[in-house]
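Below is one structure; the comments refer to it alone.
Start at 1 with the first residue, then count along the sequence. Note: hydrogens, waters and symmetry copies are ignored here, and every other heavy atom, side chains too, is used.
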Amino acid sequence: AQLLDEVCRFANVMMGLGLRRGDRVAIYMPMIPELPVAMLACTRIGVAHSVIFGGFSPDSIVDRCEDAEARLIVTADAGYRRGEPSALKVNVDAALEMGAASVEHVVVVNRCDTEVTMLDGRDLWWHDVVAEASPDCPAEPMDAEQLLYLLYTSGTTAKPKGIMHTTGGYLTQVAYTHRYTFDLRPEKDVYWCAADIGWVTGHSYIVYGPLANGCTSVMYEGTPDTPVLGARSGDRGEWPKDRLWDIIQRYGVTQLYTAPTAIRTFMKWGEAEPSAYDLSSLRVLGTVGEPINPEAWIWYHENIGGGSCPIVDTWWKTETGGHMISPLPGVTTTKPGSACQTIPGVFAELVDDAGQPVPRGGGYLTITRPWPGMLRGIWGDPERYMETYWTRFAGRYFTGDGAKIDEDDLIFIVLDNLPEFVAALRDVDRCELALEDGVLQMVAEVAHGLVDLTQPLGVADVVTDEIGVPHG
């Protein structure tokens with residue numbers, strides 16, 4: 001009831017600012033409850049949201065707001081990172097000085113009580129406008145194909161791609177996959193996706209999937225190497241790196257969903273800290289964001305799952321909306337490093353350069369039939385949509401990834417889309433923003449020079465793993 005009241009209040013705030021069905025709103029916030037509240041308020045009145053990851057620069061805010069013609073930005077003064085405020089409102093101010101003329105208002109959550117500039121007539125405090133709003137806001141009826149949200153990926157050109165997801169099919173896929181991939185028991189489970197809502201993982205498996213299934217969920221603002229307040233003494237480098245394990249023990253988390261790069265970071269930190277906590281509440285472990293190497297899979301299974309939790313290594317993308325290839329707990333016989341097989345209702349094939357099916361060995365990963373959560377287009381650029389996804393192999397959706405099928409008919413993702421990974425570097429503002437999300441962790445490591453993109457990627461590093469990538 002409290003969440004519904006907050007959502008309705010902010011929906012009424014937006015309508016009071018003149019926003020109506022079909023408009024777009026940009027959201028640039030830390031991992032605080034007001035973030036999903038703002039998303040769900042948009043959904044309630046038919047306004048499409050565009051969430052911008054809080055580590056992105058003013059340039060990225062401008063690009064996304066201008067492309068979507070956003071009328072409102074919802075942000076915060078700052079968010080907490082490693083125990084200290086990390087400014088956000090100042091980036092919005094800088095972006096609006098550069099462009100994004102469509103933005104009429106900025107609503108600001110006072111998260112860290114830092115000093116910010118508030119422009120009369122444009123900027124509004126969340127606590128002021130929400131306090132005056134009614135908690136009664138009937139939901140706007142939506143067609144199944146009504147635009148739900150835009151989420152921008154970096155793409156391979158200077159212009160990011162606004163991936164379009166619609167209401168009916170997307171919600172169907174995320175609710176279905178969240179329930180069955182994680183063997184969800186909503187009446188008693190405490191589920192935790194340790195990603196950031198700024199990425200599609202957070203959209204699908206922090207906000208929409210868990211709430212559609214009525215699941216108790218954990219949200220965390222910060223990094224795994226930021227301990228509780230009482231443990232933050234002395235040199236920061238000597239602080240305990242146990243925050244995830246503390247949260248799992250404290251709340252009795254039953255499912256943990258995180259990134260392989262985070263797991264490799266935990267390996268680097270050692271086994272002492274997780275072994276000091278009671279992690280026996282965990283039933284299912286998940287991985288997301290990149291392929292997981294067998295060594296990390298085994299470490300995760302033994303040290304976090306106690307040797308008994310099934311691991312669901314999920315393959316999917318911003319464009320797919322939800323899981324596409326994944327084991328199902330208690331059903332699939334798993335193999336370390338493999339995403340295993342397509343989920344029921346998804347049909348994939350590997351093909352060679354000529355588009356011919358490859359039953360064994362390596363090839364390009366394609367999807368052969370439509371699926372509920374598939375992207376409906378690239379905002380404002382239908383030609384780019386067709387060229388990017390549908391022209392490489394006639395009659396097939398090209399994922400941009402390579403994979404191989406082994407002798408047991410299990411699928412191994414061998415290369416995520418490197419061009420988009422490299423292009424993401426343009427958007428990173430603070431390279432240490434790494435540990436909640438596998439993709440950004442890898443971006444941060446490239447930016448710090450740990451990976452040389454002029455050479456084949458074979459970096460012998462416990463964090464990044466060894467990834468063989470052709471180049472030229």
Next on the checklist: Which heavy atom of Ala68 sits nearest to which heavy atom of Trp379, and what is that distance?
Outcome noted: CA-NE1, 3.7 Å

Checklist entry - Using 30° and 60° as the class limits, which term best fits the ring planes of Tyr205 and Phe182: parallel, tilted or perpendicular? => result perpendicular

Checklist entry - Taking 4.0 angstrom as the limit, do Glu69 and Arg24 come out as a salt bridge? => result yes

Item to check | Distance-only side-chain donor-acceptor flag, Asp353 / Tyr364, under 3.5 Å | outcome: yes

Checklist entry - Can the ring centres of Trp297 and Phe412 be said to be less than 6.0 Å apart? => result no

Next on the checklist: Under a 3.5 Å distance rule, please check whether Asp189 uses its side chain to pair with a backbone N or O of Tyr191 as donor and acceptor.
Outcome noted: no

Checklist outcome for this item: Heavy-atom nearest pair, Val116 first then Asp77, reads CG1-CB, 3.7 Å

Checklist entry - So do Trp316 and Ser204 actually touch side chain to side chain, heavy atoms under 4.5 Å? => result yes

Checklist entry - Taking it one step at a time, do Tyr28 and Val51 satisfy side-chain contact (heavy atoms from CB on, under 4.5 Å)? => result CA-CA 6 Å; Tyr28 182 69; Val51 179; over 6 Å; no

Checklist entry - Has Tyr180 got more than 12 heavy atoms of other residues, nucleotides or ligands less than 6.0 Å from its OH? => result no

Checklist entry - Can you check whether Phe53 and Trp199 have ring centres sitting under 6.0 Å from each other? => result yes

Next on the checklist: Show, in sequence, the C-alpha distance, side-chain angles and deciding distance for Thr43 and Tyr208, and conclude whether the side chain to side chain donor-acceptor pair (under 3.5 Å) test is met.
Outcome noted: CA-CA 11 Å; Thr43 302; Tyr208 288 110; 2.8 Å; yes

Checklist entry - Does a donor on one side chain sit under 3.5 Å from an acceptor on the other, for Asp225 and Trp269? => result no

Checklist entry - Does a donor on one side chain sit under 3.5 Å from an acceptor on the other, for Tyr220 and Trp192? => result no

Next on the checklist: Minimum heavy-atom separation for Trp239 and Pro227, please, with both atom names.
Outcome noted: CE3-CD, 3.5 Å

Checklist entry - Do Glu290 and Thr261 have side-chain atoms, one donor and one acceptor, less than 3.5 Å apart? => result yes

Item to check | Distance-only polar pair, side chains of Tyr152 and Asp67, donor-acceptor under 3.5 Å | outcome: yes

Next on the checklist: Minimum heavy-atom separation for Leu72 and Val74, please, with both atom names.
Outcome noted: CD2-CG2, 3.9 Å

Item to check | Leu147 to His165 - nearest heavy-atom pair and separation | outcome: CD1-O, 3.6 Å

Next on the checklist: Could you tell me if Thr320 and Tyr397 have a donor-acceptor pair between their side chains, going purely by distance under 3.5 Å?
Outcome noted: no

Next on the checklist: In terms of relative ring orientation, are Tyr149 and His203 parallel, tilted or perpendicular, with 30° and 60° separating the classes?
Outcome noted: tilted

Checklist entry - If you look at every heavy atom in Ile27 and His49, which pair is closest and at what distance? => result CD1-CB, 3.8 Å

Next on the checklist: Whether the side chain of Ser102 engages the backbone of Ala70 through a donor-acceptor N/O pair (distance < 3.5 Å, no angle test) should be reported.
Outcome noted: yes

Item to check | Main-chain N/O of Val346 paired to Thr342 side chain as donor or acceptor, under 3.5 Å | outcome: yes

Item to check | Steps toward salt bridge (charged side-chain N to carboxylate O under 4.0 Å, His left out) verdict (Glu221, Arg81) | outcome: CA-CA 7 Å; Glu221 176 192 14; Arg81 296 199 58 82; over 6 Å; no

Checklist entry - Hey, are Tyr389 and Thr399 close enough side-chain-wise for a donor-acceptor pair under 3.5 Å? => result no

